[in-house]
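Input: a single structure, listed below in structure tokens.
The chain is numbered in sequence order, starting from 1.
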Amino acid sequence: MKRGYWLAGAALVISSSVVVAQRAPESILPGAANTPAPAPAPAPATPAPTETPSASGEVVQPLPSAPAPVDTSGVSLGDIPSVEELESMTAAELDEALGLRPRYDIPPAARRATAEIGIIAPDEGGLPTGSLARQPASIVRAALGGVQGPMVSRWGHILMRRALASRLDAPQGMGPVEFATLRARALNSMGEYAAARALVQDIDTANYSPALTRAAIDAYVGTSDIAGACPAVRLGKGDDDTPRWAMLEGICAAFAGEAQRAQNDLRRLLSRTEEDARLDVLLAQRYAGAAGDGRRAVTIEWEGSGDLTPWRFAMANALGEPIPEDLTDDLDRSMLISSALTPALSAGQRIRGADVAAASGVLSARAIVDLYSLLYAEREQAGEDPALPVASRLRSAYVDPSPAERIAAIRDVWGGSDDEYGRYVLTAYAAARVTPSADFEDDAGPLIASMLTAGLDRDAMRWADAVEEGSLGWALLALANPQGGTVTDGQLDSFFDADESARSRKSRMLLAGLAGLGRVGQDEISEYSDRLEMNFTAPTRWTRMIDKAAEVENGALVAYLAGLGMQGTSWDQMTARHLYHIVSALNAVGMEAEARMIAAEAVARA
């Protein structure tokens, strides 16, 4: 019975389907609209896809043909990382292995050529663009590669910075990226981290070499600009397998929106870091946390961490993390200069390194005066800052109505400094405001030396009639005079007799400077060279190179070789023979102003 009902229902469904299929559609429009439209023109015949009807009337799509076999003959299974290796990879290493690492961070239309790399154009005071285009790469490579420390001369440093930062084409036989790398390294070694950072930023990150990437990171760390290094870390070609590189990768991943992956990588790094280096990773975790959710607190413990390194110093400054006083009592020169350049620090913290930075040539006279002025303006918040009395006396040196009181204030600013020459830079413009007078004859020499630190040679020359012949002030003016002039035998004799410096070093430097500028006769050079037991003409490989560069009038190469010859931390390391060849070469290639300032500085600081 049930089987009969099932068969009857099936028949009804089938018959209903047939009726519906046979029934023509009925229009519900008015009669006029029922006029059939003309039949369209037949379309060109196209082969219809082959369809295989099934027994039930359904259309079945054919299976695709089997793909061609993949050629794996050139694939080595040894290049494929294992599961364990994949699990131990950081996010950056995994992206590199999978080919997901981006190469460019700027659109094609904005990419820059690698020609004329630099930040100072010729019309802005830079050297001519083609200065080194025809010079042998070996000489330039040797000169720049040999610069591995500071200059003894403030003005030599200023000259070298300008030559390194100028927009220059690479020498013959040297790639532009290598040339930029050598310049960035030299700037870093001089403490010019801000200039080095600007130089590397003039190159697209995709064009970086591993060496340029390392130099760029050193510049960013030197300026406490940790996040600024991220384009170089994420897009540059790095081969630095060090904890610093791994920490930077984690920090940059966090700032790229991969906070969780970054923290995982840093935690993994912390777990395999030795106890005395854990502080570095903790600082990196704190920095990376600033870009993430900020849910995980990181406690920084300095105790037992060892010495204060540039990385720790930069990270602490960037984070505002106080550094224990026992670690900051004896900062080295590079960290002192970094502190003077770090805007995140207070004026009082920056001033500690400002004197060193000014004496070195990193800070200008205007910049260091602005820094002390800022401290004075914030004196209510500064409390017992040890630099505040100096800032107060500096104000008196500028605005006190009495010339005698202004000079007294200038003396107070000079006194008590570990690096007195930095304070000379600080008072340069205050000294220029003093009216020359015979009443201040005893202070004339230091005042003139102070003015010349800022290149105020015309202001200094106002003292020409107020200084005694043979005095320090007279010697400085004889070298700094922009109008030239000749020094007589009697004048030299007066200075040499009054010279009380060790081994007559001031007399040696004066004779070398005058000879290099051509302001003393050959007879005087011979006489006093014998008297001082010195020989300007004894050749060395370096003297031959700088003299040859001067002969062909190549100012850029002369500047690089001069910087090579002025390396050191004290003027005791500078010889009169080197000074003579430097001043003579600079004078020959049209850098007479720099030659005069370097010669005058040598006498003042010898």
Would you say R577's side chain and N535's backbone share a donor-acceptor pair under 3.5 angstrom?
-> no
Are side-chain heavy atoms of L132 and M174 found at a separation under 4.5 Å?
-> no
When you look at CG of D307, are more than 12 heavy atoms from neighbouring residues, nucleotides or ligands closer to it than 6.0 Å?
-> no
If you take all heavy atoms of A365 and A454, which pair is closest and at what distance?
-> CB-CB, 3.9 Å
Check for a donor-acceptor pair, side chain of T309 on one end and backbone N or O of R312 on the other, with a separation under 3.5 Å.
-> yes
Of the non-hydrogen atoms in A475 and V603, which two are nearest, and what is the gap between them?
-> CB-CG1, 4.5 Å
CZ/R366: more than 12 non-hydrogen atoms of other groups inside 6.0 Å = no
With side chains defined as the heavy atoms from C-beta onward, is the minimum distance between S494 and W474 less than 4.5 Å?
-> no
Contact summary for R185 and A215, nearest pair of heavy atoms | CG-CB, 4.2 Å
What are the two closest non-hydrogen atoms of M190 and I337, and how far apart are they?
-> O-CD1, 4.4 Å
Do the side chains of L479 and L514 get nearer than 4.5 Å, heavy atoms only?
-> yes
E116 side-chain N/O to T129 backbone N/O, donor-acceptor pair under 3.5 Å = no
Checking S501 side chain against K506 main chain: does a donor-acceptor pair fall under 3.5 Å?
-> yes
If we only count heavy atoms from C-beta on, is the I368 to D355 side-chain gap below 4.5 Å?
-> yes
Salt bridge check: are R503 and D572 linked by an N-O gap of less than 4.0 Å?
-> no
For atom CG of D497, is the number of surrounding heavy atoms from other residues, nucleotides or ligands below 6.0 Å larger than 12?
-> yes
Would you call R352 and L345 a side-chain contact if the rule is heavy atoms closer than 4.5 Å?
-> no
Note: R161-E594 ion pair, threshold 4.0 Å (strictly below) | no
Listed by chain and number, what are the ring pair (Phe, Tyr, Trp, His ring centres under 6.0 Å) partners of F496, not counting sequence neighbours?
-> Y528
Shortest non-hydrogen contact from A602 to L579?
-> CB-CD2, 3.6 Å
Would you please classify the geometry between the W542 ring and the H581 ring as parallel, tilted or perpendicular, with 30° and 60° separating the classes?
-> perpendicular
Donor-acceptor pair, side chain of S526 and main chain of Q522, under 3.5 angstrom | yes
Can any side-chain N or O of R154 pair as donor or acceptor with the backbone N or O of T453 at less than 3.5 Å?
-> yes
For the residue pair V425 and S364, what are the closest heavy atoms and their distance?
-> CG1-C, 4.4 Å
Min side-chain heavy-atom separation Y193-L187 under 4.5 Å | no
Measure from the side-chain N and O atoms of Q135 to the backbone N and O of P171, and report whether any donor-acceptor pair falls under 3.5 Å.
-> no
Does the T543 side chain pair with the main chain of P539, one donor and one acceptor, at a distance under 3.5 Å?
-> no
d(D412 CG, I407 CD1) to nearest 0.5 Å is 12.0 Å
Check whether any side-chain N or O of S450 sits under 3.5 Å from a backbone N or O of P446 as a donor-acceptor pair, and report yes or no.
-> no
Kindly indicate whether the side chain of E405, heavy atoms from C-beta on, has any atom under 4.5 Å from the side chain of S396.
-> no
Flag yes if more than 12 heavy atoms outside R167 fall under 6.0 Å of its CZ atom; otherwise flag no.
-> yes
Side-chain donor-acceptor pair present, D332, S334, cut-off under 3.5 Å | yes
If you measure from the Lys or Arg side-chain nitrogens to the Asp or Glu carboxylate oxygens, is any gap between D499 and R508 under 4.0 Å?
-> no
For the pair L164 and L144, evaluate side chain to side chain contact (heavy atoms under 4.5 Å, CB included) and give the outcome as yes or no after the intermediate values.
-> CA-CA 9 Å; L164 291 170; L144 294 182; 3.6 Å; yes
Within a radius of less than 6.0 Å around CG of D330, do more than 12 heavy atoms belonging to other residues, nucleotides or ligands occur?
-> no
With no hydrogens and no angle check, is any side-chain donor or acceptor of R519 less than 3.5 Å from a backbone partner on A478?
-> yes
Do other residues, nucleotides or ligands put more than 12 heavy atoms under 6.0 Å from the CD atom of E468?
-> no
Does atom CD of E325 have more than 12 heavy-atom neighbours from other groups under 6.0 Å away?
-> no
Distance (rounded to the nearest 0.5 Å) between L426 CG and R393 CZ | 13.0 Å
With a 4.5 Å limit on heavy-atom distance, are the side chains of Y560 and R183 in contact?
-> yes
Has E553 got more than 12 heavy atoms of other residues, nucleotides or ligands less than 6.0 Å from its CD?
-> no
